[in-house]
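Report on one structure; see the data block that follows.
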Amino acid sequence: MAVAKLLAGPATAAISAPTTAPARAKPVAAVSLRNSLYAGSGLRGFAPARRGAAGMARRGAAKASLIEPDGGRLVDLVVPEAARAARRAEAEGLPKVPIGEVDLEWVDVIGNGWASPLRGFMREHEYLQSLHFNSLRLDDGSFVNMSLPFVLAINESDKAAIGGSSDVALLAPSGDLVAILRGVEIYRHNKEERIARTWGTTASGLPYVEKAIERAGEWLIGGDLELLEPIKYNDGLDQYRLTPAKLRAEFDRRGADAVFAFQLRNPVHNGHALLMNDTRRRLLEQGFKNPLLLLHPLGGFTKPDDVPLDVRMEQHRKVLEEGVLDPETTIVAIFPSPMHYAGPTEVQWHAKARLNAGANFYIVGRDPAGMGHPLENRDLYDPDHGKKVLSMAPGLEKLNILPFKVAAYDTSQGKMAFFDPSRTKDFLFISGTKMRTYARTGENPPDGFMCPGGWEVLVNYYKSLQAEESTPSPRTPVTVIKRLPEKIVLKPPEHLPSVHRS
C-alpha cells in the first residue's frame with residue numbers, strides 16, 4: 001500500500017488500511033499479563049475481559065472493542081443532524097454563557113465521549129469526587145477513573161444573566177452557538193483548592209493555571225451537555241481528529257486484536273520509534289496476531305515553548321514517509337485534550353481517554369505529563385511516579401500499562417538503542433531542551449537520532465521563529481509552516497528515555 005494512503009481524504013483520515021482486512025476470530029479470554037512485555041518492572045496490567053471466550057492459546061484477530069468504555073457505553077453528546085435546526089432555535093432563546101478557547105476544547109472532549117461516562121461539565125458532587133478521590137462512583141456502585149475535574153467557570157455577570165434558568169447556551173469565542181447545558185447547577189470555584197489538589201503546588205508559572213484558571217470566574221456551572229454539531233477547528237487538521245467511536249470502528253474494521261497507544265506532545269525521534277516498534281514485536285511474541293499502534297499526539301492547549309501541533313503533525317508525516325514507523329500498522333490521530341502538565345494526576349486521564357477509544361495497552365514513560373518546576377531548577381514531579389500511579393489507579397485495572405525501557409543514543413552503534421547500564425559511557429542522552437537547541441542553532445544531532453525529513457521540519461520551524469523575531473511588525477504574524485495537504489504520508493522518529501514527557 002502506498003504510504004500516502006495513511007492520511008488520505010476525509011473517509012480514511014489518519015488511517016492506514018491494509019489491502020485485505022485480517023480474518024476475524026473469537027475474542028480472547030481475560031488474561032492477567034502482569035506486564036510480561038516488560039518483565040521485572042514491578043508493574044502490572046490486565047487484558048480486558050470477554051465472557052465465554054477462549055484463552056491465550058486461541059488468540060486470533062478479534063474486535064478491538066473487546067475493552068469496554070468506562071460505564072459500558074461510549075458517550076456521544078452531539079445532537080443528531082435531523083434535530084439540529086430545532087435545537088439551535090431553542091438555544092437562541094436561552095441565556096448565553098461565553099466560553100474560552102480551552103473551554104471549547106473541553107466541550108469537544110466531553111461531547112465525543114473521551115471522558116465517558118461523564119455527560120457534561122461536572123456538578124458539585126462529581127467535582128468533589130474527582131478532586132478528592134480521582135474517581136467517580138456510578139449508580140451500580142462501581143468506580144471509574146476521573147483524575148481531572150472537567151469544569152466550566154463563569155463570572156458574576158454570567159451568573160446573574162442565567163438567573164433561575166435550568167438550561168443555558170454556550171457561545172464559542174467566535175460568538176457561535178456551540179452547545180446547550182441542561183439542568184445546570186452553579187457552585188463556588190475555590191481556585192486555590194482546585195490548583196493545589198490537581199498540581200500538588202500553587203507555585204506561580206503553571207501554564208494551564210495561567211491560561212485557564214487565574215482569570216476564570218468565581219463560580220462553576222455544571223450540567224448535561226448537548227453539542228449542536230461536531231466541533232470544527234478549521235486549521236487544516238480536522239480530518240485527523242477522530243472521535244473514540246471512529247477509532248473503535250477503524251480498529252474493528254482492521255481486525256486488531258490489540259491496540260497500544262502512545263501519547264506525545266513532542267516531535268517523534270528514533271528513540272520513540274524504537275520503543276513503539278519493540279512494543280509491537282513483544283505483543284506479537286505474546287501471541288497477538290494484529291496489534292496496531294495508535295500514535296496519538298495531544299492537540300489541545302500546550303505551553304508556548306512546546307512545538308505547535310501543525311509542525312508536529314508535519315514531522316510525524318515525515319517519520320511515516322521515511323519508514324521509521326510502519327504505516328500499515330500505525331494509525332495517527334489527534335487527541336483534542338488540553339494539557340495540564342499535572343504529572344501523575346493527569347496521566348491517569350490520558351490513559352483513561354485511550355481506554356475509552358478502544359486501546360487496551362498504554363505506553364507510559366519517564367515523567368509523563370510532567371514539566372520542570374516553574375520556580376526551581378528541578379522536575380515538578382518524581383519522574384517515576386507517573387508509571388507507578390498508573391499501575392495502581394482505581395478504575396484503570398482493565399487497561400494494560402506498559403512502562404517503556406530507557407532508550408538513548410548509542411555512540412558505539414550510531415543509533416538510538418535501549419540503554420545498557422554495563423556500558424554507560426557509550427550512551428548519550430539528548431534532552432528535549434538539547435534537541436530544541438540543536439534545531440534553533442542549525443546544528444545537526446547525531447546521525448540516527450531522527451529521520452532527516454523530520455529533523456528538517458523542526459529546523460525550518462525554528463528558522464521561521466527567528467525570522468519572525470528579527471522582523472519587528474505589530475501586524476500579521478508569520479505563518480510557521482504550510483498546512484498539511486489533503487493527502488500526506490507519515491514516518492517514525494525515536495524517543496529519548498531520559499527526557500520523555502508525554
Side-chain angles (χ1 to χ4, degrees), residues 3 6-7 14 101 207 211 233-241 262-273 295-322 324-325 332-336 338-339 341 371-372 409 416 430-473 475-496 499-502:
V3 182
L6 175 67
L7 300 181
E101 293 177 2
K211 176 70 175 179
Y233 295 81
N234 299 316
D235 58 356
L237 302 175
D238 281 330
Q239 60 180 328
Y240 309 120
R241 292 183 173 93
F262 186 73
Q263 165 170 306
L264 66 170
R265 66 174 196 265
N266 290 308
V268 174
H269 56 68
N270 291 339
H272 294 121
L295 182 63
H296 216 198
L298 186 134
F301 163 78
T302 54
K303 53 190 175 70
D305 61 344
D306 279 349
V307 177
L309 176 62
D310 53 359
V311 180
R312 285 184 278 128
M313 289 296 289
E314 174 73 2
Q315 193 271 346
H316 298 350
R317 177 174 76 87
K318 293 295 184 181
V319 165
L320 286 166
E321 277 181 354
E322 295 179 24
V324 183
L325 295 175
V332 180
I334 294 172
F335 178 45
M339 190 77 190
Y341 304 92
M371 58 173 280
Y409 188 78
M416 298 296 290
I430 303 174
S431 68
T433 300
K434 182 64 173 176
M435 178 183 69
R436 290 189 290 270
T437 301
Y438 280 145
R440 285 193 188 98
T441 60
E443 181 181 357
N444 289 325
D447 289 342
F449 169 71
M450 184 182 290
C451 66
W455 182 250
E456 183 180 8
V457 169
L458 290 187
V459 171
N460 289 340
Y461 164 65
Y462 283 108
K463 281 182 179 178
S464 72
L465 287 185
Q466 292 169 353
E468 185 177 325
E469 292 167 358
S470 63
T471 307
S473 172
R475 291 175 291 182
T476 307
V478 177
T479 299
V480 172
I481 64 168
K482 296 179 181 178
R483 291 296 180 189
L484 297 181
E486 284 287 322
K487 298 183 179 181
I488 67 173
V489 182
L490 295 187
K491 295 250 170 178
E494 311 219 330
H495 169 260
L496 294 177
V499 283
H500 170 267
R501 289 191 171 107
S502 59

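- The two residues Q466 and R440 have their closest heavy-atom pair at NE2-O, 2.6 Å.
- Annotation: the span from M313 atom CE to D235 atom CG amounts to 9.5 Å, rounded to 0.5 Å.
- Considering CE of M435 and CG of L458, their distance stands at 6.0 Å, rounded to 0.5 Å.
- When all heavy atoms of V457 and V311 are compared, the pair lying nearest together is CG1-O, 3.7 Å.
- Remark: Q315 CD to N460 CG distance equals 12.0 Å, nearest 0.5 Å.
- Within the model, atoms CZ of F301 and OH of Y341 stand 6.0 Å from one another, a figure rounded to the nearest 0.5 Å.
- Distance check, rounded to the nearest 0.5 Å: NZ of K463 to CD of E456 gives 8.5 Å.
- Qualifying salt bridge (Lys or Arg N to Asp or Glu O under 4.0 Å) partners for K303, counting only residues two or more places apart in sequence or in other chains: D305, D306.
- Between the side chain of R312 and the backbone N or O of V307, at least one donor-acceptor pair lies under 3.5 Å.
- How far CZ of F449 is from CH2 of W455: 6.5 Å, rounded to the nearest 0.5 Å.
- In this structure a side-chain-to-backbone donor-acceptor pair under 3.5 Å is present from Y409 to D447.
- Shortest non-hydrogen contact noted between A333 and P297 is O-CD, 3.1 Å.
- Scanning all heavy atoms of the two residues, the minimum distance from Q263 to L298 falls at NE2-CD1, 4.0 Å.
- Between M371 and P207 there is a side-chain heavy-atom pair separated by less than 4.5 Å.
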